[in-house]
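A short worksheet on the structure shown next.
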Amino acid sequence: MLAIDRLKDIKIHFEEIMSALGEPQVASDTVRFRKLMQEQAELEPIVNAYNRYLDCDRNEEDALYILDNEADEDMRAMAKEELASAKKMREEIAEELKILLLPKDPNDEKNIIIEIRAGVGGDESALFAADLYRMYSNFAVKNNWKTDLISFNENGIGGFKEITFMVIGRGAYSKLKYESGVHRVQRVPETESGGRIHTSTATVAVMPEAEEVDVEINPNDIHWDVFRASGNGGQCVNTTDSAVRLTHYPSGIVISCQDEKSQLKNKDKAMKVLRSRLYELELEKKHSAEDDLRRSQIGSGDRSEKIRTYNFPQGRVTDHRIKLTLYKIDSIIDGDLDELITALITADQAAKLSKMNEGVF
């Protein structure tokens with residue numbers, strides 16, 4: 001059933017927001033104006049769909065009136081067509097509205113921090129981690145998002161034992177939150193003379209950027225070490241103690257950052273990672289109470305869960321959570337993730353709709 005009363009309230013509230021945005025005192029209040037603009041942007045798709053739903057209602061009523069009062073057969077035939085069309089469109093809009101009314105993830109619009117770590121497979125695993133980094137970086141470019149490297153540990157042949165970077169852009173978490181988990185690659189390494197296919201893994205963790213208001217950190221719980229940076233770009237950065245290592249005693253989290261030439265900037269990046277990791281831990285605690293619901297959607301998002309296989313000899317990518325296989329591995333590794341992500345979002349929405357119909361929400 002469609003929540004008509006809720007839709008009526010949303011429409012009234014939307015009209016109040018539009019009226020308030022036209023008031024001079026609101027326009028001069030930057031904080032309030034930005035908040036109202038954001039709320040207006042969130043509600044507008046719902047209100048537009050609801051207006052189309054009401055149009056279908058009116059068209060249906062008009063068609064029924066003609067059928068009840070008109071004797072002319074041509075008019076009655078047109079009315080029957082209009083009635084069938086209005087009913088069909090109203091059903092489609094009702095399904096659209098159900099999705100629009102699903103509870104929103106409060107983190108969806110946030111920037112994200114992505115950690116990629118080489119797993120089983122030695123150097124081949126590190127090279128695969130580099131492929132995943134390139135894949136997400138290219139996807140960010142396609143969405144007009146920015147990336148900011150935080151830290152990395154190279155293996156000397158173009159791979160990464162681990163790499164942490166930030167994706168900055170509205171809606172980054174909403175699209176890439178499904179990427180957390182174990183990614184598996186099957187291919188013949190360049191160093192393999194016998195042509196045997198090797199299987200390697202890399203782990204991806206996607207965390208919403210946490211603001212200071214999201215996580216409270218006691219400065220006394222943190223120990224800082226500073227040292228000289230190493231690796232590529234060392235000629236510029238390793239002449240001073242600009243690299244930092246942060247240790248958070250309560251959680252045991254250790255973060256190293258050496259990408260920036262400035263010690264202060266490296267400390268700022270390390271704190272961003274710490275806040276996001278602690279925020280993720282809080283989210284995991286919260287979600288543990290909803291474990292059944294999360295697993296019924298597209299997996300738990302746990303970084304130990306195998307979510308996808310990239311098979312180069314067969315040219316395929318398979319997402320195991322939704323049993324989707326696409327035969328375009330080269331374009332996917334180049335950042336063409338839209339089809340995969342759309343399918344994951346659709347599966348997530350379908351699961352939530354099912355739960356909503358069962359009264360879970």
Side-chain angles (χ1 to χ4, degrees), residues 107 110-119 123 125-173 175-177 179-181 183 202-212 222 224-248 253-280 303 332-337:
N107 295 310
K110 290 188 174 184
N111 303 327
I112 56 174
I113 291 174
I114 300 180
E115 293 180 342
I116 304 173
R117 298 180 187 277
D123 284 341
S125 174
L127 290 170
F128 179 46
D131 288 336
L132 293 176
Y133 170 61
R134 178 167 59 89
M135 180 177 78
Y136 294 130
S137 296
N138 289 344
F139 182 70
V141 170
K142 291 174 191 288
N143 283 272
N144 295 315
W145 298 334
K146 294 180 180 179
T147 58
D148 186 12
L149 190 60
I150 294 175
S151 66
F152 60 91
N153 183 2
E154 295 175 294
N155 72 339
I157 58 171
F160 293 111
K161 295 178 182 177
E162 60 184 60
I163 182 167
T164 302
F165 61 103
M166 194 169 186
V167 178
I168 303 161
R170 185 172 181 183
Y173 186 71
K175 291 188 176 181
L176 289 174
K177 63 184 176 183
E179 295 301 300
S180 289
H183 296 241
T203 302
V204 175
V206 179
M207 301 171 289
E209 181 189 14
E211 304 293 335
E212 290 187 35
I222 294 174
W224 293 99
D225 292 304
V226 295
F227 55 97
R228 291 192 177 182
S230 59
N232 289 341
Q235 295 95 331
C236 298
V237 296
N238 66 6
T239 55
T240 60
D241 292 339
S242 60
V244 301
R245 183 182 299 107
L246 178 160
T247 303
H248 183 246
I253 292 173
V254 178
I255 299 159
S256 296
C257 187
Q258 63 177 39
D259 188 57
E260 298 287 348
K261 299 176 188 178
S262 159
Q263 185 185 118
L264 191 62
K265 288 182 178 179
N266 281 325
K267 283 188 172 183
D268 181 58
K269 284 187 173 183
M271 285 298 295
K272 283 184 178 180
V273 176
L274 176 62
R275 277 196 296 269
S276 292
R277 284 197 192 174
L278 292 175
Y279 187 49
E280 183 192 32
R303 64 183 72 186
I332 287 173
I333 290 293
D334 282 337
D336 183 12
L337 293 172

S137 side, atom OG; L132 side, atom CG - distance, nearest 0.5 Å: 10.5 Å
Minimum heavy-atom separation for A129 and I116, please, with both atom names. CB-CG2, 3.8 Å
About how many Å separate CE of M166 and NZ of K146, when rounded to the nearest 0.5 Å? 12.0 Å
G159 versus L127, closest heavy-atom pair with distance: N-CD2, 3.8 Å
Side chain to side chain contact (heavy atoms under 4.5 Å, CB included) for I332 and L337? Distances and angles first, verdict last. CA-CA 6 Å; I332 287 173; L337 293 172; 3.8 Å; yes
More than 12 heavy atoms of other groups within 6.0 Å of K265 NZ: no
Could you check if a side-chain atom of T147 sits within less than 4.5 angstrom of a side-chain atom of I168, using non-hydrogen atoms only? no
E280 CD to S180 OG distance, which is reported to the nearest 0.5 Å: 6.5 Å
Quick one: does K269's side chain have a donor or acceptor within less than 3.5 Å of a partner on L149's backbone? yes
Are any of the side-chain heavy atoms of I255 and S151 separated by less than 4.5 Å? no
Check whether any side-chain heavy atom of D148 lies under 4.5 Å from a side-chain heavy atom of F165, and answer yes or no. no
Measuring from K161:NZ to S125:OG, what's the distance to the nearest 0.5 Å? 11.5 Å
Flag for K177-N107: side-chain donor and acceptor within less than 3.5 Å: no
Decide yes or no on side chain to side chain contact (heavy atoms under 4.5 Å, CB included) for N266 and V226, but give the supporting numbers first. CA-CA 10 Å; N266 281 325; V226 295; over 6 Å; no
Just how far is it from atom CG of L246 to atom CE of M271, taken to the nearest 0.5 Å? 6.5 Å
Atom CZ of residue position R170 - does it have more than 12 heavy atoms of other residues, nucleotides or ligands inside 6.0 Å? no
Say you draw a straight line from OH of Y173 to CD of E179; how long is it, rounded to the nearest 0.5 Å? 12.0 Å
Between V204 and Y136, is a side chain to side chain contact (heavy atoms under 4.5 Å, CB included) present by the stated rule, with each step listed? CA-CA 11 Å; V204 175; Y136 294 130; 4.1 Å; yes
Test your reading of the model: is there a side-chain donor-acceptor pair from N153 to the backbone of E162, 3.5 Å cut-off? no
Do I113 and Y279 touch side chain to side chain, with heavy atoms closer than 4.5 Å? no
Scanning both residues in full, the closest heavy-atom pair of A270 with V244 reads CB-CG2, 4.4 Å
For K110 and P208, which heavy atoms make the closest approach, and how far apart are they? CD-CB, 4.1 Å
Indicate yes or no: at least one non-hydrogen side-chain atom of V273 is less than 4.5 angstrom from one of E115. yes
Applying the side chain to side chain contact (heavy atoms under 4.5 Å, CB included) criterion to D334, which one of K142, M135, R134 satisfies it? R134
Indicate yes or no: at least one non-hydrogen side-chain atom of I163 is less than 4.5 angstrom from one of E154. no
Contact summary for F227 and Q258, nearest pair of heavy atoms: CE1-OE1, 4.1 Å
Test log, rule side chain to side chain contact (heavy atoms under 4.5 Å, CB included), inputs F152 and Y133: CA-CA 11 Å; F152 60 91; Y133 170 61; over 6 Å; no
Considering non-hydrogen atoms only, spot the tightest contact between G335 and N138 and give its length. CA-CB, 3.9 Å
Does a side-chain heavy-atom distance below 4.5 Å link K175 with W145? yes
